[in-house]
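Each remark here refers to the structure printed beneath this line.
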Amino acid sequence: MPSTGQSYEIRMLSNWKGASDLPESRRLLKSVVRVAFHDRRLQYSEKQQLESWQHSHPGDRILDIDVPLSVGVIDPLVNPNTLNIIEFLWDPSKRTSIFLQVHCISTEFTQRKNGGEKGAPFRIQVDTYKTDSLGNFTEHLYSCSCQVKVFKPKGADRKQKTDREKVEKRSALEREKYQPPCDTTLLTECIPWPEIETPRSPTSTPGLCSPRHFKMSTPDRICASPVCASDSSTECTGESLSPSASISDTQQWLLRNRFSNYCRTFSNFTGADLLKLTRRDLTQICGVADGIRLSHALTARSVRPRLTLYINTESPGKTQDITDASQTALYQEMHMEDMTAAELTNKLADLFSVPANHILRISRTGPHGIHILLSDMMVRNMPDESCFTATLQKLQSPDGYHCILR
């Protein structure tokens, strides 16, 4: 149970056979150490949690390296844009120990009502990479992690005392379920952290940097999905997300529906994974405003059109009986949203495959066979699911047409 600000050692061990036979530049490994949330719910909102912590602790880092105590650490790298990550190179054929300092406490990420000795568990994870054929550290070698809780020095002692007293009150059989205390913790193997790391070439003159000469990486963190690089102002298409959508399809759906800021957050989610999240989960991950908007987008049903018409197109000069035609002809569905004469003109033009400005008049057959000129008021008063036969007649003016609905 670490205390905030104190240095703790992680000893790097390797069973990589043949490493000593390689040249030094090819023998080096790169390890990325991070402090992340162990709770999956908090992992989803990690970006927002870290930004909130940075706002209340300007100029501070969550994870730092104690260089004077570290041994065998080569070229440590601290990125100012990632407060909880450090990386370094090391030679597996030599003794290597890195001393870390965690400057945040677990209770900073829990609700105030859950204060006291309760706190959010952290995960210390180490991802190690070796060089590829081009000399970049891109080939994943091994990942391991352990769970920790960080308290202030007095709080850590009090927490250990309280936990020890709770265990001692239990029966001998129940105490066997608990892991006995030990001086060291062996990090267990885990899957690599789902994030694209910036390739880093081995340095030509490796050496241990002084505490005041860390290399700083300036590029901002980017979304792990390539679709996130597109314009975030893409209009929402209104289509629903399918449970069978792949990870790539889910990323594209997020982009089309103006959720590009969360492509990285949901970089490993399929459609089914995203649809399983409740509204409360989404507001905790994305914030209240975007969480509610995303919840509505996931659960929204297609909007019913204001007016639906069924249109059968009839060629000019066709004299088939209307009653017989209605029984054999095929009708096409037409959805109206604005319910105006201009909208109907555009849709009829698409139906007849002619330019909309070539349809000069639209009329509807009235009593005694008269032709009534179509107006916005007439369209708005059409009964829903009305059926019409549309005939396109050529006018004397060049490229002009008169469309008759009956």
Side-chain angles (χ1 to χ4, degrees), residues 1-14 28-38 46 49-50 53-54 56-92 94-109 117 119-129 142-161 163-164 179 181-188 190 193 206-217:
M1 190 172 298
S3 301
T4 179
Q6 295 188 6
S7 298
Y8 292 88
E9 178 188 14
I10 294 182
R11 185 170 298 177
M12 311 298 293
L13 302 175
S14 173
L28 296 180
L29 300 177
K30 184 188 82 168
S31 289
V32 180
V33 185
R34 74 183 71 239
V35 172
F37 293 110
H38 186 77
E46 177 184 299
Q49 297 282 354
L50 296 183
W53 187 91
Q54 184 180 25
S56 58
H57 300 78
D60 293 343
R61 287 186 56 81
I62 290 179
L63 181 64
D64 217 337
I65 177 175
D66 191 337
V67 175
L69 293 179
S70 300
V71 178
V73 174
I74 301 171
D75 198 16
L77 177 67
V78 177
N79 189 332
N81 296 321
T82 51
L83 307 179
N84 61 326
I85 300 174
I86 62 172
E87 62 179 71
F88 59 94
L89 306 181
W90 58 287
D91 189 338
K94 299 178 181 178
R95 179 195 169 193
T96 303
S97 291
I98 180 170
F99 282 78
L100 303 177
Q101 296 175 344
V102 181
H103 298 289
C104 64
I105 58 177
S106 296
T107 52
E108 290 185 274
F109 300 98
E117 296 177 350
F122 296 142
R123 174 192 294 180
I124 293 181
Q125 179 158 334
V126 183
D127 299 301
T128 301
Y129 303 85
Y142 186 76
S143 293
C144 56
S145 67
C146 70
Q147 179 180 341
V148 297
K149 279 190 177 182
V150 183
F151 296 91
K152 293 181 179 180
K154 291 184 178 180
D157 295 338
R158 185 169 59 252
K159 176 65 174 174
Q160 288 179 335
K161 180 181 178 181
D163 290 346
R164 188 166 52 250
Q179 183 177 351
C182 55
D183 295 332
T184 60
T185 299
L186 183 65
L187 276 66
T188 56
C190 64
W193 192 262
L208 181 64
C209 292
S210 66
R212 298 183 182 179
H213 292 84
F214 285 157
K215 286 189 177 180
M216 300 297 179
S217 176

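What you see is a predicted model; the values in this text were computed from it and never measured.
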Requested in this report: Apply the side-chain contact (heavy atoms from CB on, under 4.5 Å) test between Phe88 and each candidate in Val33, Asp75, Leu77, Val67; give the one that qualifies.
Outcome: Val33
Query raised in the report: Who are the side chain to side chain donor-acceptor pair (under 3.5 Å) partners of Ser143, not counting sequence neighbours?
Result: Asp127, His140
Grab the two heavy atoms, one from [X] and one from [Y], that are nearest each other, plus how far apart they are.
{"X": "Ile124", "Y": "Leu187", "answer": "O-CD2, 4.2 Å"}
{"X": "His103", "Y": "Trp53", "answer": "O-CZ2, 3.7 Å"}
{"X": "Leu83", "Y": "Asp60", "answer": "CD2-O, 4.0 Å"}
{"X": "Ser31", "Y": "Trp90", "answer": "OG-NE1, 2.8 Å"}
{"X": "Val32", "Y": "Ile85", "answer": "CG1-CG2, 3.6 Å"}

Answer yes or no: is there a donor N or O on one side and an acceptor on the other, between the side chain of [X] and the main chain of [Y], under 3.5 Å?
{"X": "Asp64", "Y": "Gln101", "value": "no"}
{"X": "Arg61", "Y": "Thr82", "value": "yes"}
{"X": "Thr96", "Y": "Val73", "value": "no"}

Report task. Would you please test Val102 and Leu63 for side chain to side chain contact (heavy atoms under 4.5 Å, CB included) and show each step? Result -> CA-CA 5 Å; Val102 181; Leu63 181 64; 4.2 Å; yes
Rounded at 0.5 Å granularity, tell me how far [atom1] in [X] sits from [atom2] in [Y].
{"X": "Arg123", "Y": "Cys190", "atom1": "CZ", "atom2": "SG", "value": "6.0 Å"}
{"X": "Leu100", "Y": "Asp66", "atom1": "CG", "atom2": "CG", "value": "9.0 Å"}
{"X": "Lys94", "Y": "Leu28", "atom1": "NZ", "atom2": "CG", "value": "8.5 Å"}
{"X": "Ile10", "Y": "Cys146", "atom1": "CD1", "atom2": "SG", "value": "7.0 Å"}
{"X": "Phe122", "Y": "Ile62", "atom1": "CZ", "atom2": "CD1", "value": "7.0 Å"}

Query raised in the report: Can you name the residues that form a salt bridge (charged side-chain N to carboxylate O under 4.0 Å, His left out) with Arg11, not counting sequence neighbours?
Result: Glu9
Requested in this report: Could you tell me which residues satisfy side-chain contact (heavy atoms from CB on, under 4.5 Å) with Tyr142, sequence neighbours excluded, listed by chain and number?
Outcome: Cys144, Glu189
